[in-house]
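Some notes on the structure that comes next.
Position 1 is the first residue of the sequence, and the numbers go up from there.
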Amino acid sequence: MAFGDYPAEYNPKAHGPYDPARFYGKPDTPFGQVKLGEIGSWLGRRNKSPQALAGAVSRAFWRWQHKYVQPKKTGVAPFFQLTVGAMIFFYTINYGKLKHHRNYKYH
């Protein structure tokens with residue numbers, strides 16, 4: 001599979017129009033239905049390649065797009081989500097500088 005190609009499991013005759021938010025691979029047990037004793041084997045069945053990780057991030061992004069950004073009547077939720085995400089990101093990268101400005105009580 002090259003960059004920009006459809007997944008190998010995608011069949012337009014069986015699946016219809018391509019949806020970037022859908023996983024076209026073999027379905028497996030959802031994580032919420034896995035028992036504690038089966039977690040090791042469930043994790044062993046996961047594809048841990050960088051390409052699989054990039055595909056999972058891409059599907060999550062498209063699910064977020066379809067739910068919050070692309071509906072006909074969207075609200076302010078995606079803007080607040082991006083704002084809060086940016087605030088957390090910048091707080092995290094600046095934490096080393098911010099921790100020196102704490103007010104300590106020495107008595």
Considering all heavy atoms of both residues, which atom of V69 and which atom of P78 are nearest to each other, and what is their separation? CG2-CB, 3.9 Å
Y10 side, atom OH; H15 side, atom NE2 - distance, nearest 0.5 Å: 8.5 Å
Drop me the distance from Q51's CD to L53's CG, to the nearest 0.5 angstrom. 11.0 Å
Distance (rounded to the nearest 0.5 Å) between L98 CG and F90 CZ: 12.5 Å
Rounding to 0.5 Å, atoms NZ (K48) and CG (L43) come to a distance of 6.5 Å
Do Q70 and T74 have side-chain heavy atoms sitting under 4.5 Å apart? no
I'd like to know if the side chain of K99 and the backbone of N94 have a donor-acceptor N/O pair within less than 3.5 Å. no
Should we count OH of Y18 as having more than 12 external heavy atoms under 6.0 Å? yes
Please indicate whether F61 has more than 12 foreign heavy atoms, meaning atoms of other residues, nucleotides or ligands, lying under 6.0 Å from its CZ. yes
Answer yes or no: is there a donor N or O on one side and an acceptor on the other, between the side chain of S58 and the main chain of A54, under 3.5 Å? no
If I compare all heavy atoms of W42 with all of T29, which pair ends up nearest, and what's the gap? NE1-O, 2.8 Å
Please tell me whether Y6 and Y24 form a close aromatic pair, meaning their ring centres lie under 6.0 Å apart. no
Hey, are the side chains of W62 and R22 touching, using non-hydrogen atoms and a 4.5 Å cut-off? no
If you compare all heavy atoms of R63 against all heavy atoms of A21, which two are closest, and at what distance to 0.1 Å? NE-O, 2.9 Å
Linking I/L/V/M/F/W/Y whenever their side-chain heavy atoms sit closer than 4.5 Å, directly or via other members, would Y68 and F80 fall into one cluster? no
If you round to the nearest 0.5 Å, how far is CZ of F89 from CD1 of I93? 4.5 Å
